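Here's the structure we're looking at; comments come further down.
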2 protein chains.
Amino acid sequence: MNVRTFCLGILALGDATGYEIRKMVSQGPFSFFSEASFGSIYPALARLTEEGLVECREEAQSKRPDKKIYRLTSAGRAALEAALQNDPGPDRTRSDFLAALLFAECVAPERIPAMVASRIAQHRTQIAALEEIADDPDLSPAARFVIEYGLQSLKAARDYLESHADGLARELAGARPAAE
Amino acid sequence: MNVRTFCLGILALGDATGYEIRKMVSQGPFSFFSEASFGSIYPALARLTEEGLVECREEAQSKRPDKKIYRLTSAGRAALEAALQNDPGPDRTRSDFLAALLFAECVAPERIPAMVASRIAQHRTQIAALEEIADDPDLSPAARFVIEYGLQSLKAARDYLESHADGLARELAGARPAAE
DNA sequence: TTCGACACTATCGAGTCGATATATCATTCC
DNA sequence: GGAATGATATATCGACTCGATAGTGTCGAA
């Protein structure tokens, strides 16, 4: 799914500005499984407007810069439906942490325990943020499902780190006892 | 972590051709948390060679196209160590599936149960593939740790889908009973 | 009163993806 | 026997996306 389709989808949930779309992607219920920067959102919205899939009404505000509020057209809704027909590609996880672990093992193994500890903390923060979102009683069934899904896999990852960090440290230490 | 650093890291584990790097990224122990296409690997290797961080020896093969085997130089190893100093950014999961679920809810809710079912199948396949890799007794401690980590979070996701798919379907059906 | 956070727009260069091209051999299937 | 497929291996190109940056104004806090 490209940013284009993503914008269509978010606008299907309600009108929004580019700024709001960005906020949903980076903080809202979408935050843990998607990314999109202004550099892709604004051009996407511009092109979608050209093609008549979204409409834009400009709202001049006296106190702030103009708002451009985008709204899905019926052509846009049809395009979104079409895009949802083909089944979504596989999930892709990008983890610099795991990559760094593998590389560190052969370049700087002494750093590994600290890396794992720091990652556990990050996981806890992320879980807390998601749990806060999950508290909202107004979530739609699908939104709740998605958030719980993320929470479960995040917690599994955290639990794994917490219960196996020491084991890894021991193995690493054991493999190169001369280093100490 | 960019493809550049990624190549350095993989070469730290052993000499390789561009093709082999690609295979490790798309199939090996790296497959579930990283991606990189030829379009980024080859330019990265070329630049790394220019900069003296990797060396390339060409091996003319009679029956196949020439192999360009890349090897990390000591400068390359130093660069990798430096890159591993700054702690890795947060993990990012990109899930078109979850996005599609949220969008489908308001555009084509009747498709959701099929989408979930298809995703469960995909998860099982992915888990089986990872378990096969995990069977290798020669895995280094860190590699085993990384694979187990992936396996745990993948299984948690699968379990969640398996045990909550029906609930979601029921809620969806309940919310729009007139559709049936 | 200056500082930073927020709301809102937008662009640019560098990096990356996905498709495609080229070529040879091995295997498999009809 | 021959055709199709797929693995090994190289590499490029256009389109897309990221991350940084820039501008402009409000508001609250230090």
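Every chain is numbered from 1 and lettered A, B, ... according to where its sequence line falls, protein lines coming before strand lines. Quick caveat: nothing in here was measured; it's all calculated off a predicted structure.
Under the 30°/60° scheme for interplanar angles, the aromatic rings of A/F33 and A/F6 are found to be tilted. Ring geometry for B/F145 versus A/Y160: interplanar angle of 30 to 60°, hence tilted.
B/R92 comes within 4.0 angstrom of sugar-phosphate atoms only, judged by non-hydrogen atoms across all strands, and of no base. Residue contacts shown for B/A36 are limited to sugar-phosphate atoms, with no base heavy atom under 4.0 Å away. At a threshold of 4.0 angstrom between heavy atoms, the contacts of B/R47 are confined to the sugar-phosphate backbone, with no base atom among them.
Shown for residues 6-32 of chain A: no residue has heavy atoms falling under 4.0 angstrom of DNA chain D.
Between the CG atom of B/L48 and the P atom of C/dG15 there is a distance of 11 Å, given to the nearest Å. Following rounding to the nearest Å, B/D96 (CG) and D/dT17 (C1') show an atom-to-atom distance of 14 Å. Atom CZ in A/F38 sits roughly 17 Å away from atom P in D/dG23 (whole-Å rounding). Rounded to whole Å, the distance from CE on B/M1 to C1' on D/dG19 is 17 Å. In this structure, CD1 of B/I41 is placed 10 Å from P of D/dT10, rounded to the nearest angstrom. Atom P of nucleotide C/dG15 and atom CG of B/L45 are separated by 15 Å, given to the nearest angstrom. For the pair B/R57 CZ and D/dT10 C1', the interatomic distance rounds to 17 Å; values are reported in whole Å. Rounded to a whole Å, the CZ atom of A/R4 is 15 Å from the C1' atom of D/dT17.
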> B/L101 and B/R119: side-chain contact (heavy atoms from CB on, under 4.5 Å), yes or no, with the steps?
Replying inline: CA-CA 11 Å; B/L101 269 194; B/R119 184 52 48 133; over 6 Å; no
>> Using side-chain contact (heavy atoms from CB on, under 4.5 Å), reason through B/K155 and B/E131 one step at a time and then give a plain yes or no.
In response: CA-CA 11 Å; B/K155 282 180 180 170; B/E131 274 173 341; 3.3 Å; yes
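When each of C/dA10, D/dA11, C/dC17 is scored by its nearest atom to the side-chain atoms of B/S40, the top-ranked nucleotide is C/dC17. Residue B/K68 has its side chain nearest to D/dA11 when only C/dA10, D/dA11, D/dT17 are considered. Ranking D/dT12, D/dG19, D/dC16 by closeness to the A/N2 side chain, first place goes to D/dC16. Checking C/dG18, C/dT11, D/dC18 against every side-chain atom of A/E35, the shortest atom distance belongs to D/dC18.
Following chains of ILVMFWY side-chain contacts shorter than 4.5 Å, one can reach A/M1 starting from A/L45, so the two form part of one hydrophobic cluster. Using a 4.5 Å cut-off between side-chain heavy atoms of Ile, Leu, Val, Met, Phe, Trp and Tyr, with links allowed through other members, A/Y42 and A/L8 fall into different hydrophobic clusters.
Between B/Y42 and D/dT12, a side-chain N or O to OP1/OP2 separation shorter than 4.0 Å is absent.
When each of B/R94 and B/G39 is assigned the nucleotide of DNA chain D with its nearest heavy atom, B/G39 is the one assigned upstream, toward the 5' end.
Panel note: side chain A/S118, backbone A/A114; no donor-acceptor pair is recorded below 3.5 Å.
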